[in-house]
Amino acid sequence: MQTTPQIAPTYDCAPTLTDREVFEFCRQGYLILEGVVPDEINQQTMIYVAEHTEHQPMELLTEPWFVDGIFKNPAAAGAVRSLLGADFKLPQNFCNHRVECPAQAQGWHRDGGSIYTEQLDYLQVFYYPQEVTPEMGPTELIPGSHFMRGKANYMAHLRNLRLAEKTTAPAGTIFLTIYSIWHHKG
């Protein structure tokens with residue numbers, strides 16, 4: 001049984017988003033922070049995941065360079081602080097979703113544990129330590145879909161949606177999404 005290494009349970013910093021940016025996040029359900037992670041952290045992350053290919057390389061949660069460079073990254077942490085408030089909880093779990101291309105597309109879904117509420121209590125965070133191109137089949141999401149109350153089996157037959165956005169980005173990009181946003185691997 002794999003145990004989760006302990007990191008500081010909460011973090012606080014100055015908020016960095018304007019009121020307009022917070023409103024836009026709440027309306028669209030996501031925020032793109034392009035290239036905010038320094039290249040040295042991206043390179044170190046790529047080396048680490050190449051050597052540790054497990055789906056959940058939890059030991060990274062004990063690496064100060066990773067926690068400080070990703071979770072406490074000033075742009076990302078400031079945005080999270082703007083959305084969740086003071087003393088937000090740091091991630092205690094994460095997954096490595098790297099795949100060999102070409103890979104089969106995934107169906108549209110919300111992640112397990114998604115709940116519908118008017119309160120923003122938690123976020124989903126995607127970090128790209130390398131450039132992600134359309135050919136790589138990046139995560140696609142449907143802006144505003146966190147307001148849709150449909151079940152996954154109603155969405156499973158859908159493939160290409162005109163409103164879907166591919167999360168292509170340069171290395172060092174962090175995406176914040178409302179946890180219940182509809183997404184899939186394109």
Side-chain angles (χ1 to χ4, degrees), residues 2 4-18 20-22 24-25 28-84 87-103 105-106 111 122-141 143 164-179 181 183-186:
Q2 190 173 10
T4 304
Q6 294 300 307
I7 60 175
T10 63
Y11 185 68
D12 199 17
C13 61
T16 58
L17 299 181
T18 65
R20 170 174 247 132
E21 290 168 322
V22 169
E24 192 62 20
F25 175 85
Q28 293 285 358
Y30 72 99
L31 174 67
I32 302 169
L33 302 167
E34 281 195 7
V36 297
V37 177
D39 199 43
E40 64 192 45
I41 300 294
N42 297 328
Q43 291 172 8
Q44 202 167 353
T45 301
M46 292 299 292
I47 291 168
Y48 191 95
V49 297
E51 294 171 355
H52 301 85
T53 58
E54 59 270 15
H55 182 65
Q56 292 182 293
M58 301 305 286
E59 294 76 26
L60 270 175
L61 293 176
T62 64
E63 296 289 344
W65 63 267
F66 187 80
V67 173
D68 293 343
I70 311 304
F71 300 154
K72 296 180 182 178
N73 174 283
V80 171
R81 166 62 168 84
S82 300
L83 297 167
L84 297 182
D87 297 318
F88 58 88
K89 189 171 181 166
L90 291 172
Q92 300 291 308
N93 190 1
F94 70 102
C95 297
N96 177 4
H97 287 298
R98 294 179 66 204
V99 297
E100 291 291 322
C101 292
Q106 180 186 44
D111 283 348
Y122 55 105
L123 301 169
Q124 186 164 17
V125 179
F126 295 88
Y127 161 56
Y128 291 170
Q130 68 184 44
E131 178 183 17
V132 176
T133 65
E135 297 77 31
M136 296 169 89
T139 297
E140 289 185 274
L141 54 83
E165 295 201 20
K166 290 182 186 288
T167 60
T168 57
T173 295
I174 294 177
F175 289 91
L176 303 175
T177 72
I178 292 178
Y179 195 80
I181 200 164
H183 62 283
H184 80 137
K185 182 173 72 67

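Position 1 is the first residue of the sequence, and the numbers go up from there. Computed from a predicted model, the values in this text were never measured in an experiment. Below, each value reflects all heavy atoms present in this structure, side chains not excepted, and no hydrogens, waters or symmetry copies.
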Query raised in the report: Who are the salt bridge (charged side-chain N to carboxylate O under 4.0 Å, His left out) partners of Asp12, not counting sequence neighbours?
Result: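 Counting only residues at least two positions away or on another chain, Asp12 forms a salt bridge (charged side-chain N to carboxylate O under 4.0 Å, His left out) with Arg81.
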
Requested in this report: Output all residues satisfying salt bridge (charged side-chain N to carboxylate O under 4.0 Å, His left out) with Glu40, sequence neighbours left out; order by chain, then residue number.
Outcome: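 In terms of salt bridge (charged side-chain N to carboxylate O under 4.0 Å, His left out), with neighbours along the sequence ignored, Glu40 is linked to no residue.
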
Query - From Gln130 atom CD to Asp39 atom CG, the distance as rounded to the nearest 0.5 Å - result: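 Separation between the atoms: 12.0 Å.
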
Query - Interatomic spacing from CD in Glu63 to CD1 in Ile70 - rounded to 0.5 Å - result: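 Rounded to the nearest 0.5 Å, the CD-CD1 separation comes to 12.0 Å.
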
Mind checking side-chain contact (heavy atoms from CB on, under 4.5 Å) for [X] and listing every partner two or more places apart, or none if nothing turns up?
X	answer
Glu24	Arg27, Gln28
Ile47	Glu51
Ala171	Asn42
Lys166	Pro134, Pro138, Glu140, Thr168

Query raised in the report: Of the non-hydrogen atoms in Phe88 and Cys13, which two are nearest, and what is the gap between them?
Result: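 Closest heavy-atom pair between Phe88 and Cys13: CE2-SG, 4.4 Å.
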
Do [X] and [Y] make a side-chain contact, defined as non-hydrogen atoms from C-beta onward lying under 4.5 Å apart?
X	Y	answer
Gln124	His183	yes
Lys89	Pro9	no
Phe126	Thr173	no
Thr167	Leu141	yes
Phe25	Leu176	yes
Val80	Leu123	yes
Thr45	Trp65	yes
Thr139	His184	no

Listed by chain and number, what are the side chain to side chain donor-acceptor pair (under 3.5 Å) partners of [X], not counting sequence neighbours?
X	answer
Thr16	none
Asp68	none
Asn73	none
Glu34	none

Query raised in the report: Residues in ring pair (Phe, Tyr, Trp, His ring centres under 6.0 Å) with Tyr48, at least two apart?
Result: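 Listed in chain order: His52.
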
Requested in this report: Could I get the full list of ring pair (Phe, Tyr, Trp, His ring centres under 6.0 Å) partners for Phe175, not counting sequence neighbours?
Outcome: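 Phe175 satisfies ring pair (Phe, Tyr, Trp, His ring centres under 6.0 Å) with Tyr128 once adjacent residues are dropped.
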
Query raised in the report: Does the side-chain contact (heavy atoms from CB on, under 4.5 Å) test come out yes or no for Tyr122 and Ile178, once each step is laid out?
Result: CA-CA 7 Å; Tyr122 55 105; Ile178 292 178; over 6 Å; no

Requested in this report: Take Lys72 and Val67 through the test side-chain contact (heavy atoms from CB on, under 4.5 Å) and record every step on the way to the result.
Outcome: CA-CA 6 Å; Lys72 296 180 182 178; Val67 173; 4.0 Å; yes

Query raised in the report: Where does the angle between the aromatic ring planes of Tyr127 and Phe66 fall among parallel (under 30°), tilted (30 to 60°) and perpendicular (over 60°)?
Result: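 Correct class here is perpendicular.
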
**Report entry** Ser82 side-chain N/O to Leu17 backbone N/O, donor-acceptor pair under 3.5 Å
**Finding:**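 Such a contact is found between Ser82 side chain and Leu17 backbone.
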
